[in-house]
Amino acid sequence: MDPRKFSDLFIFNRVAEQRSFTAAARSLGVTQSAVSQTVKRLEGELGVRLLSRSTRSLAPTAAGERLLETLAPIIAEIDAKIEVLERMREQPGGRLRVTCGKHAADTLVWPAFSRLIATHPEIDGELSVENRHVDIVAERFDIGIRLREDLEMDMVAVPVGPPLRAVVVGAARYLDTCDPPRTPRDLSAHRCIGFRNAGGTLSPWSFEKDGHAETVKVSPSIIVNDGDALVGAACAGMGLAYMLEDLAASAVKDGALIKVLADWCPPFPGYHAFYSSRRHPTRAFTLFLEALRQENEKRAHG
(Lines give C-alpha, C1' and ligand atoms only; values in the text may rest on other atoms or scores of the structure.)
Protein backbone atom coordinates (compact mmCIF):
# COMPACT_ATOMS: atom_id res chain seq x y z
CA MET A 1 0.00 0.00 0.00
CA ASP A 2 1.07 3.56 -0.76
CA PRO A 3 2.11 5.04 2.63
CA ARG A 4 0.15 8.19 1.80
CA LYS A 5 -3.05 6.19 1.35
CA PHE A 6 -2.65 4.65 4.80
CA SER A 7 -2.29 8.16 6.22
CA ASP A 8 -5.42 9.24 4.35
CA LEU A 9 -7.36 6.26 5.73
CA PHE A 10 -6.22 7.12 9.26
CA ILE A 11 -7.44 10.71 8.84
CA PHE A 12 -10.78 9.53 7.43
CA ASN A 13 -11.21 7.22 10.45
CA ARG A 14 -10.50 10.12 12.82
CA VAL A 15 -13.05 12.36 11.06
CA ALA A 16 -15.67 9.60 11.28
CA GLU A 17 -14.93 9.15 15.01
CA GLN A 18 -15.15 12.87 15.75
CA ARG A 19 -18.05 13.52 13.35
CA SER A 20 -16.28 16.80 12.57
CA PHE A 21 -13.52 18.03 10.28
CA THR A 22 -12.63 20.74 12.79
CA ALA A 23 -12.39 18.38 15.79
CA ALA A 24 -10.39 15.83 13.78
CA ALA A 25 -7.97 18.53 12.62
CA ARG A 26 -7.52 19.76 16.19
CA SER A 27 -6.75 16.26 17.49
CA LEU A 28 -4.25 15.66 14.69
CA GLY A 29 -2.57 19.06 14.97
CA VAL A 30 -3.28 20.06 11.36
CA THR A 31 -5.58 22.54 9.64
CA GLN A 32 -9.23 21.88 8.93
CA SER A 33 -8.68 22.49 5.22
CA ALA A 34 -5.87 19.87 5.13
CA VAL A 35 -8.20 17.27 6.65
CA SER A 36 -11.00 18.16 4.24
CA GLN A 37 -8.69 17.94 1.23
CA THR A 38 -7.35 14.57 2.40
CA VAL A 39 -10.84 13.06 2.62
CA LYS A 40 -11.76 14.50 -0.79
CA ARG A 41 -8.62 12.99 -2.30
CA LEU A 42 -9.39 9.59 -0.76
CA GLU A 43 -12.94 9.68 -2.07
CA GLY A 44 -11.67 10.60 -5.52
CA GLU A 45 -9.14 7.71 -5.56
CA LEU A 46 -11.77 5.19 -4.37
CA GLY A 47 -14.49 6.58 -6.63
CA VAL A 48 -17.13 6.64 -3.87
CA ARG A 49 -18.42 9.16 -1.35
CA LEU A 50 -17.40 8.19 2.18
CA LEU A 51 -18.94 10.99 4.22
CA SER A 52 -22.29 12.68 4.01
CA ARG A 53 -21.91 16.37 4.81
CA SER A 54 -24.38 19.09 5.70
CA THR A 55 -24.04 22.45 7.38
CA ARG A 56 -24.95 20.91 10.75
CA SER A 57 -23.84 17.28 10.62
CA LEU A 58 -21.36 14.82 9.18
CA ALA A 59 -21.81 11.05 9.03
CA PRO A 60 -20.39 8.10 7.09
CA THR A 61 -22.23 6.97 3.99
CA ALA A 62 -23.06 3.30 3.46
CA ALA A 63 -19.73 2.89 1.65
CA GLY A 64 -17.99 4.76 4.44
CA GLU A 65 -19.58 2.48 7.06
CA ARG A 66 -18.40 -0.61 5.18
CA LEU A 67 -14.87 0.76 5.02
CA LEU A 68 -14.93 1.66 8.73
CA GLU A 69 -16.02 -1.87 9.68
CA THR A 70 -12.66 -3.08 8.44
CA LEU A 71 -10.57 0.01 9.09
CA ALA A 72 -11.53 0.96 12.66
CA PRO A 73 -10.54 -2.39 14.32
CA ILE A 74 -7.19 -2.37 12.51
CA ILE A 75 -6.37 1.15 13.65
CA ALA A 76 -7.53 0.36 17.19
CA GLU A 77 -5.22 -2.69 17.27
CA ILE A 78 -2.28 -0.63 15.99
CA ASP A 79 -2.96 2.02 18.66
CA ALA A 80 -3.05 -0.69 21.34
CA LYS A 81 0.26 -2.20 20.16
CA ILE A 82 1.90 1.23 20.12
CA GLU A 83 0.68 1.86 23.66
CA VAL A 84 2.24 -1.44 24.77
CA LEU A 85 5.53 -0.49 23.13
CA GLU A 86 5.49 2.91 24.82
CA ARG A 87 4.95 1.25 28.21
CA MET A 88 7.86 -1.09 27.47
CA ARG A 89 10.09 1.92 26.86
CA GLU A 90 9.29 3.29 30.31
CA GLN A 91 9.44 -0.02 32.18
CA PRO A 92 12.67 -2.01 32.70
CA GLY A 93 11.11 -5.30 31.56
CA GLY A 94 11.88 -6.91 28.22
CA ARG A 95 14.95 -8.40 26.62
CA LEU A 96 18.53 -7.17 27.01
CA ARG A 97 21.29 -8.86 24.97
CA VAL A 98 24.90 -7.92 25.74
CA THR A 99 28.15 -9.08 24.13
CA CYS A 100 31.73 -8.60 25.36
CA GLY A 101 35.10 -10.31 25.68
CA LYS A 102 36.19 -12.40 28.66
CA HIS A 103 38.37 -9.75 30.29
CA ALA A 104 35.62 -7.13 30.06
CA ALA A 105 33.12 -9.64 31.46
CA ASP A 106 35.32 -10.58 34.41
CA THR A 107 36.35 -7.07 35.40
CA LEU A 108 33.35 -4.88 34.53
CA VAL A 109 30.35 -6.31 32.71
CA TRP A 110 29.34 -9.33 34.80
CA PRO A 111 29.22 -7.41 38.13
CA ALA A 112 27.02 -4.73 36.52
CA PHE A 113 24.89 -7.21 34.53
CA SER A 114 24.25 -9.58 37.46
CA ARG A 115 23.33 -6.72 39.80
CA LEU A 116 20.87 -5.30 37.24
CA ILE A 117 19.13 -8.66 36.72
CA ALA A 118 18.95 -9.25 40.49
CA THR A 119 17.38 -5.81 40.98
CA HIS A 120 15.02 -6.14 37.99
CA PRO A 121 14.12 -9.83 37.54
CA GLU A 122 11.50 -8.81 34.96
CA ILE A 123 14.36 -8.18 32.50
CA ASP A 124 15.20 -11.16 30.28
CA GLY A 125 18.99 -10.83 30.15
CA GLU A 126 21.54 -12.56 27.94
CA LEU A 127 25.30 -12.08 28.26
CA SER A 128 27.41 -13.53 25.45
CA VAL A 129 31.12 -13.74 26.37
CA GLU A 130 33.44 -14.33 23.42
CA ASN A 131 36.59 -12.66 22.19
CA ARG A 132 35.66 -12.44 18.50
CA HIS A 133 34.44 -9.23 16.89
CA VAL A 134 30.65 -9.28 16.90
CA ASP A 135 28.37 -7.37 14.51
CA ILE A 136 25.79 -6.33 17.09
CA VAL A 137 23.29 -5.18 14.45
CA ALA A 138 23.42 -8.37 12.37
CA GLU A 139 23.38 -10.60 15.47
CA ARG A 140 20.72 -8.50 17.21
CA PHE A 141 22.59 -7.54 20.34
CA ASP A 142 21.42 -4.42 22.15
CA ILE A 143 24.86 -3.36 23.32
CA GLY A 144 28.50 -4.45 23.21
CA ILE A 145 31.57 -3.68 25.32
CA ARG A 146 34.96 -3.23 23.64
CA LEU A 147 38.04 -1.06 23.55
CA ARG A 148 37.53 2.18 21.65
CA GLU A 149 40.11 1.32 18.99
CA ASP A 150 38.12 -1.76 17.97
CA LEU A 151 34.84 0.03 17.23
CA GLU A 152 33.19 0.72 13.89
CA MET A 153 32.78 4.36 12.90
CA ASP A 154 28.96 4.29 12.74
CA MET A 155 28.58 3.18 16.36
CA VAL A 156 27.74 5.36 19.34
CA ALA A 157 30.47 4.79 21.94
CA VAL A 158 30.25 5.67 25.65
CA PRO A 159 33.22 5.20 28.04
CA VAL A 160 32.21 2.88 30.87
CA GLY A 161 35.47 1.46 32.22
CA PRO A 162 38.56 2.83 33.95
CA PRO A 163 41.84 3.38 32.09
CA LEU A 164 43.79 0.20 31.39
CA ARG A 165 47.50 -0.51 31.18
CA ALA A 166 49.48 -3.20 29.41
CA VAL A 167 52.59 -4.70 30.99
CA VAL A 168 55.49 -6.88 29.92
CA VAL A 169 56.24 -9.56 32.46
CA GLY A 170 58.54 -12.52 32.89
CA ALA A 171 59.32 -15.09 35.55
CA ALA A 172 62.41 -14.65 37.72
CA ARG A 173 63.77 -17.98 36.44
CA TYR A 174 63.68 -16.59 32.88
CA LEU A 175 65.05 -13.12 33.71
CA ASP A 176 67.92 -14.67 35.70
CA THR A 177 69.22 -16.13 32.43
CA CYS A 178 69.44 -12.85 30.47
CA ASP A 179 69.57 -9.08 30.72
CA PRO A 180 66.07 -7.56 31.04
CA PRO A 181 65.02 -5.36 28.10
CA ARG A 182 65.45 -1.62 28.61
CA THR A 183 63.75 -0.50 25.38
CA PRO A 184 61.14 -2.22 23.17
CA ARG A 185 63.83 -2.93 20.55
CA ASP A 186 65.64 -5.14 23.05
CA LEU A 187 62.76 -7.61 22.80
CA SER A 188 64.28 -9.04 19.62
CA ALA A 189 66.91 -10.71 21.81
CA HIS A 190 64.30 -12.40 24.04
CA ARG A 191 62.00 -15.37 23.96
CA CYS A 192 58.48 -13.98 23.76
CA ILE A 193 55.03 -15.49 24.25
CA GLY A 194 52.56 -14.40 21.58
CA PHE A 195 48.81 -13.97 21.88
CA ARG A 196 46.57 -14.82 18.93
CA ASN A 197 43.52 -12.58 19.03
CA ALA A 198 39.95 -13.25 17.89
CA GLY A 199 40.76 -12.04 14.39
CA GLY A 200 43.38 -14.77 14.03
CA THR A 201 46.37 -12.42 14.05
CA LEU A 202 49.12 -11.99 16.64
CA SER A 203 48.46 -9.01 18.89
CA PRO A 204 51.21 -6.38 18.51
CA TRP A 205 53.09 -5.06 21.52
CA SER A 206 52.48 -1.31 21.76
CA PHE A 207 54.61 1.09 23.79
CA GLU A 208 54.92 4.81 24.42
CA LYS A 209 57.40 7.01 26.26
CA ASP A 210 57.86 10.78 26.27
CA GLY A 211 55.38 11.13 23.39
CA HIS A 212 57.17 8.54 21.26
CA ALA A 213 55.00 5.56 20.29
CA GLU A 214 56.50 2.29 19.16
CA THR A 215 54.87 -0.97 18.10
CA VAL A 216 56.84 -4.20 18.09
CA LYS A 217 55.88 -7.36 16.23
CA VAL A 218 57.63 -10.06 18.19
CA SER A 219 58.62 -13.48 16.83
CA PRO A 220 57.11 -15.66 19.55
CA SER A 221 58.53 -18.98 20.61
CA ILE A 222 55.08 -20.00 21.84
CA ILE A 223 51.58 -18.74 20.96
CA VAL A 224 48.36 -18.94 23.01
CA ASN A 225 44.85 -17.52 22.55
CA ASP A 226 43.70 -17.43 26.17
CA GLY A 227 44.54 -14.98 28.94
CA ASP A 228 44.98 -17.63 31.63
CA ALA A 229 47.29 -19.62 29.36
CA LEU A 230 49.29 -16.46 28.67
CA VAL A 231 49.84 -15.89 32.40
CA GLY A 232 50.63 -19.57 32.93
CA ALA A 233 53.23 -19.66 30.18
CA ALA A 234 54.95 -16.58 31.58
CA CYS A 235 54.95 -18.02 35.12
CA ALA A 236 56.46 -21.23 33.74
CA GLY A 237 59.48 -19.24 32.51
CA MET A 238 58.73 -19.69 28.80
CA GLY A 239 59.62 -16.07 28.04
CA LEU A 240 58.28 -12.53 28.25
CA ALA A 241 54.56 -11.89 27.84
CA TYR A 242 52.58 -8.76 27.01
CA MET A 243 49.16 -8.53 28.67
CA LEU A 244 46.72 -6.30 30.51
CA GLU A 245 48.06 -5.34 33.93
CA ASP A 246 45.26 -6.81 35.99
CA LEU A 247 45.70 -10.22 34.33
CA ALA A 248 49.22 -10.31 35.74
CA ALA A 249 48.45 -8.51 39.02
CA SER A 250 48.09 -11.58 41.24
CA ALA A 251 51.25 -13.26 39.90
CA VAL A 252 53.21 -10.00 40.21
CA LYS A 253 52.03 -9.55 43.78
CA ASP A 254 53.08 -13.11 44.65
CA GLY A 255 56.48 -12.60 43.04
CA ALA A 256 55.84 -15.20 40.32
CA LEU A 257 56.18 -12.52 37.62
CA ILE A 258 58.33 -9.41 37.36
CA LYS A 259 57.49 -6.32 35.29
CA VAL A 260 59.93 -4.96 32.74
CA LEU A 261 59.71 -1.91 30.45
CA ALA A 262 57.29 -0.32 32.95
CA ASP A 263 58.26 3.20 31.84
CA TRP A 264 57.16 2.30 28.30
CA CYS A 265 53.64 1.23 29.32
CA PRO A 266 51.39 4.25 30.06
CA PRO A 267 47.62 3.94 30.69
CA PHE A 268 45.20 4.02 27.75
CA PRO A 269 41.40 4.51 27.51
CA GLY A 270 39.41 1.59 28.90
CA TYR A 271 36.27 -0.17 27.76
CA HIS A 272 33.44 1.55 25.90
CA ALA A 273 29.82 0.53 25.57
CA PHE A 274 28.75 0.74 21.95
CA TYR A 275 25.45 0.50 20.14
CA SER A 276 23.87 1.40 16.82
CA SER A 277 23.22 5.09 16.21
CA ARG A 278 19.82 4.06 14.82
CA ARG A 279 18.78 2.35 18.04
CA HIS A 280 15.99 3.61 20.32
CA PRO A 281 17.10 2.75 23.87
CA THR A 282 14.73 0.82 26.13
CA ARG A 283 14.48 1.36 29.85
CA ALA A 284 16.46 -1.86 30.44
CA PHE A 285 19.19 -0.58 28.10
CA THR A 286 19.42 2.73 29.99
CA LEU A 287 19.54 0.98 33.36
CA PHE A 288 22.36 -1.28 32.17
CA LEU A 289 24.45 1.70 31.04
CA GLU A 290 23.92 3.25 34.47
CA ALA A 291 24.94 -0.03 36.15
CA LEU A 292 28.17 -0.04 34.12
CA ARG A 293 28.93 3.54 35.19
CA GLN A 294 28.29 2.64 38.83
CA GLU A 295 30.61 -0.36 38.59
CA ASN A 296 33.29 1.85 37.05
CA GLU A 297 32.94 4.38 39.90
CA LYS A 298 33.08 1.57 42.44
CA ARG A 299 36.35 0.29 40.95
CA ALA A 300 37.78 3.82 40.75
CA HIS A 301 37.20 4.40 44.48
CA GLY A 302 38.62 1.08 45.55
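Computed from a predicted model, the values in this text were never measured in an experiment.
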- Message: Is it the case that atom CZ in R196 sees more than 12 heavy atoms from other parts of the structure closer than 6.0 Å?
- Response: yes
- Message: Is there a continuous path of hydrophobic side-chain contacts, each under 4.5 Å between heavy atoms, that joins L58 to I11?
- Response: yes
- Residues pairing under ring pair (Phe, Tyr, Trp, His ring centres under 6.0 Å) where one sits in residues 227-247, two or more places apart or in two chains, turn out to be W205-Y242, F207-Y242
- For T215, what residues pass the side-chain hydrogen bond (donor to acceptor under 3.5 Å, both in side chains) criterion, not counting sequence neighbours? none
- Item | Under the side-chain hydrogen bond (donor to acceptor under 3.5 Å, both in side chains) test, residues paired with R49 that sit two or more places apart | none
- Message: More than 12 heavy atoms of other residues, nucleotides or ligands under 6.0 Å from CG of D179: yes or no?
- Response: no
- Note on the structure: The side-chain hydrogen bond (donor to acceptor under 3.5 Å, both in side chains) partners of E45 (sequence neighbours excluded) come to R4
- Note on the structure: So the salt bridge (charged side-chain N to carboxylate O under 4.0 Å, His left out) pairs with at least one residue in residues 249-264 (sequence neighbours excluded) are K209-D263, E245-K259
- Message: Taking salt bridge (Lys or Arg N to Asp or Glu O under 4.0 Å) as the definition, give me every residue that meets it alongside R191, ordered by chain and number, with sequence neighbours left out.
- Response: none
- Task: Mind checking ring pair (Phe, Tyr, Trp, His ring centres under 6.0 Å) for F21 and listing every partner two or more places apart, or none if nothing turns up?
- Result: none
- side chain to side chain contact (heavy atoms under 4.5 Å, CB included) between R95 and I123: does it pass, once the steps are laid out? CA-CA 6 Å; R95 187 187 67 173; I123 296 176; over 6 Å; no
- Item | Those residues that, when tested against E126, pass side-chain hydrogen bond (donor to acceptor under 3.5 Å, both in side chains) (two or more places apart) | R97
- Note on the structure: Residues at least two apart in sequence or cross-chain that pass salt bridge (Lys or Arg N to Asp or Glu O under 4.0 Å) with D186, listed by chain then number, are none
- Contacts of R115 that satisfy salt bridge (Lys or Arg N to Asp or Glu O under 4.0 Å) - sequence neighbours left out: E295
- Message: Going by the rule salt bridge (Lys or Arg N to Asp or Glu O under 4.0 Å), which residues pair with R66 if we only count those two or more places apart in sequence or in a different chain?
- Response: none
- Determine whether the side chains of R14 and S27 contain a donor N or O and an acceptor N or O closer than 3.5 Å. yes
- For D246 and H103, does a side-chain donor sit closer than 3.5 Å to a side-chain acceptor? yes
- Task: Hey, could you give me each pair passing ring pair (Phe, Tyr, Trp, His ring centres under 6.0 Å) that has a residue in residues 166-185? Not counting sequence neighbours.
- Result: Y174-H190
- Would you check if the distance from the ring center of F285 to the ring center of Y275 is below 6.0 Å? yes
